Amino acid sequence: MSIKFGPEYVRAIAPYQGGKPIAEVAREFGLDEAKIIKLASNENPLGMPESAKVAMQKAVADIGRYPDANGFDLKAAITAKYDVPSEWITLGNGSNDILELATHAFVQAGQAAMYAEYSFVVYALATQAVGARAIVVKAKDYGHDLDAMAAAITDDTKLIFIANPNNPTGSFIPAAELEAFLARVPPQIVVVLDEAYNEYLPPELQYESISWVRKYPNLLVSRTMSKAYGLAGLRIGFGIAQPVITDLLNRIRQPFNVNSLAQAAAVAALNDTAFLQRSAQLNRDGYRQLTQTFDELGLEYVPSFGNFVMVKVGADEAAGARVNLALLKQGIIVRPVANYGLPQWLRVTIGLPDENAAFIDALKKLLS
Ligand SMILES: *Cc1c(COP(=O)(O)O)cnc(C)c1O
């Protein structure tokens with residue numbers, strides 16, 4: 001008998017499965033790395049903004065020193081952009097860090113955290129990591145069912161995760177519905193509003209979640225620099241909440257959780273509105289390119305408000321895995337979502353026009 005280490009709830013966690021790295025697919029399938037197309041992790045196909053690259057190169061000179069533990073310059077940039085005091089900001093090693101910090105700060109074993117079916121897998125992982133109970137509320141049209149979520153709140157519910165837009169489905173909750181929900185949640189329950197794809201929303205759907213933070217002391221808004229800002233590899237995100245929440249997050253985060261290159265790049269990227277606009281436009285065009293083909297092929301997809309689309313590639317339970325493998329053999333990496341309970345679907349990140357075209361060509365051949 002081998003010794004078992006750690007609590008049962010840790011041993012029960014299924015490890016996170018990310019998009020396959022390009023180098024791994026090249027090795028596994030004997031392909032040329034340069035020809036592989038990765039549409040699997042919702043990264044910005046433009047890469048990082050030039051402004052961030054320049055800032056980072058400058059910051060390299062000081063890499064022998066610890067980063068600023070309080071992120072003074074980056075908080076100043078966030079303060080200027082969102083008009084919030086710096087005491088309302090928590091910096092994270094990716095916004096993943098913020099999600100985990102929130103779980104550690106507000107939920108303990110024996111208590112409950114809530115999230116929607118088909119919502120971002122990190123909510124489940126973070127909940128399990130602290131031994132808390134998950135209340136998973138059935139999705140409606142592949143998105144959050146806020147009425148059902150409000151009804152499912154229990155006395156021991158301490159934290160609610162909402163992703164808007166949601167990953168992997170791409171669903172979106174209009175501002176009015178979301179605020180009505182916030183008004184219904186008991187004030188002692190912390191709501192994490194994860195807005196990783198906020199920057200991709202068209203102007204008519206944008207809303208001022210930061211103004212809700214002023215109104216609701218139990219609201220924590222989470223943002224990332226990994227998607228539209230093109231800095232996924234640096235790991236940088238942030239949370240905005242009133243000091244009653246922010247103070248606790250800052251007590252339990254690692255003092256140097258955000259490295260100095262990430263801080264420097266993030267300041268530059270936050271102010272690079274031209275890059276953001278270019279990214280959003282490219283995304284809108286790519287969305288049309290992909291969904292027109294899905295329409296032609298008669299494939300069902302969930303209308304998406306992020307930089308990816310979830311498409312149903314077959315009726316049988318093995319469809320997602322089968323089409324995914326066939327795509328991999330041609331050097332195209334997308335994301336199967338069977339781990340979300342969606343084995344007939346694939347999630348495709350919107351890439352550059354020729355990357356989208358290569359995916360479309362391969363998919364057409366496979367399905368005809
Ligand atoms: C990608 C993503 C994140 C952020 O990831 P980080 O790289 O850790 O900032 C957060 N939430 C959702 C819903 C995402 O899809």
Side-chain angles (χ1 to χ4, degrees), residues 17-26 28-29 31-50 52-53 120 165-170 172 196-202 224-234 269 272 274-297 299 301-313 320 323-337 342 345-367:
Q17 288 181 338
K20 269 180 177 289
I22 289 174
E24 186 181 314
V25 172
E28 250 178 66
F29 297 92
L31 300 167
D32 176 2
E33 264 191 43
K35 292 200 179 123
I36 290 177
I37 293 170
K38 187 181 176 211
L39 303 172
S41 299
N42 299 348
E43 295 144 341
N44 190 327
L46 294 173
M48 69 156 86
E50 190 58 30
K53 193 170 175 179
F120 190 40
N166 182 45
N167 170 22
T169 63
F172 175 72
Y197 302 96
N198 171 274
E199 295 80 8
Y200 289 110
L201 292 174
T224 182
M225 310 286 299
S226 297
K227 307 287 162 56
Y229 288 104
L231 300 178
L234 279 175
D272 197 337
F275 180 81
L276 265 195
Q277 277 169 9
R278 205 147 63 83
S279 303
Q281 187 58 48
L282 184 78
N283 193 60
R284 274 191 289 277
D285 296 344
Y287 180 76
R288 224 172 298 122
Q289 189 185 1
L290 290 177
T291 53
Q292 269 172 7
T293 304
F294 299 156
D295 286 334
E296 277 169 36
L297 296 174
L299 297 178
Y301 60 91
V302 181
S304 173
F305 296 84
N307 65 343
F308 54 89
V309 193
M310 204 174 77
V311 59
K312 191 173 180 180
V313 291
V323 174
N324 180 56
L325 181 64
L327 288 169
L328 281 175
K329 285 180 180 162
Q330 299 179 56
I332 297 172
I333 317 174
V334 299
R335 182 73 73 94
V337 282
L342 296 161
W345 299 74
L346 291 175
R347 191 196 69 192
V348 189
T349 301
I350 297 166
L352 298 171
D354 56 336
E355 295 175 322
N356 300 331
F359 163 74
I360 285 168
D361 279 351
L363 189 70
K364 277 186 176 165
K365 280 191 204 118
L366 282 173
L367 297 180

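In what follows, every heavy atom counts, from backbone to side chain, and hydrogens, waters and symmetry copies are set aside. Because the structure is a prediction, the values reported are computed rather than measured.
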- Go through the steps for V302 and W345 under the test side chain to side chain contact (heavy atoms under 4.5 Å, CB included), then give the verdict. CA-CA 10 Å; V302 181; W345 299 74; 3.8 Å; yes
- side chain to side chain contact (heavy atoms under 4.5 Å, CB included) assessment of K365 paired with Q330: CA-CA 11 Å; K365 280 191 204 118; Q330 299 179 56; 5.6 Å; no
- Please assess L234 against M225 for the test side chain to side chain contact (heavy atoms under 4.5 Å, CB included), listing each intermediate value before the final yes or no. CA-CA 9 Å; L234 279 175; M225 310 286 299; over 6 Å; no
- Task: Dump the intermediate steps for side chain to side chain contact (heavy atoms under 4.5 Å, CB included) on E50 and D272, then the final yes or no.
- Result: CA-CA 9 Å; E50 190 58 30; D272 197 337; over 6 Å; no
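The two atoms that bring G230 and P49 nearest to each other are O-CD, 4.4 Å, heavy atoms only. L46 and S279 get closest at one heavy-atom pair: CD1-OG, 3.7 Å. Contact record, G286 with I350: CA-CG2, 3.6 Å, taken as the closest heavy-atom pair. Contact between L282 and P353 at its shortest, heavy atoms only, is CD1-CD, 4.0 Å. Closest non-hydrogen pair, L201 versus F305, comes out as CD2-CB, 4.0 Å. Annotation for A228 and E199: closest pair CB-CB, 3.6 Å, computed over non-hydrogen atoms.
Taking the side chain as every heavy atom from C-beta outward, F29 and I36 never approach each other to under 4.5 Å. Looking only at side-chain heavy atoms (C-beta outward), L31 and V25 come within less than 4.5 Å of each other.
A side-chain contact (heavy atoms from CB on, under 4.5 Å) with L363 holds for exactly one of V348, V313, L290; it is V313.
If you take CG on D285 and CG on L352, they are separated by 11.5 Å, rounding to the nearest 0.5 Å. Note that the NZ atom of K329 and the CG atom of L366 stand 10.0 Å from one another [nearest 0.5 Å]. Within the model, atoms CG of L342 and OG1 of T169 stand 8.5 Å from one another, a figure rounded to the nearest 0.5 Å. Atom CG of residue L39 and atom CD1 of residue I333 lie 8.5 Å apart, to the nearest 0.5 angstrom. Annotation: the span from L299 atom CG to T291 atom OG1 amounts to 11.5 Å, rounded to 0.5 Å. Note that OH of Y229 and CG of L276 are 4.5 Å apart. Values are rounded to the nearest 0.5 Å.
A salt bridge between K364 and D361 is absent, with no side-chain N of the basic residue lying under 4.0 Å from a carboxylate O of the acidic one.
The aromatic rings of F294 and F359 lie perpendicular to each other, with more than 60° between the two planes, well past the 30° mark.
In this structure, K312 places its NZ atom where more than 12 heavy-atom neighbours from other residues, nucleotides or ligands lie under 6.0 Å away.
Between Y197 and F308, the distance separating the two ring centers is shorter than 6.0 angstrom.
The list of side-chain hydrogen bond (donor to acceptor under 3.5 Å, both in side chains) pairs with a residue in residues 348-357, not counting sequence neighbours, reads N42-T349, Q289-N356.
Remark: the backbone N or O of L346 is not paired with any side-chain donor or acceptor of R335 at under 3.5 angstrom. Listed for the S41 side chain is no donor-acceptor partner under 3.5 Å among the backbone atoms of E43. Y287 places a side-chain N or O within donor-acceptor distance of the main-chain N or O of S304, the cut-off being under 3.5 Å.
Residues R278 and Q281 bring no donor and acceptor atom of their side chains to less than 3.5 Å of each other.
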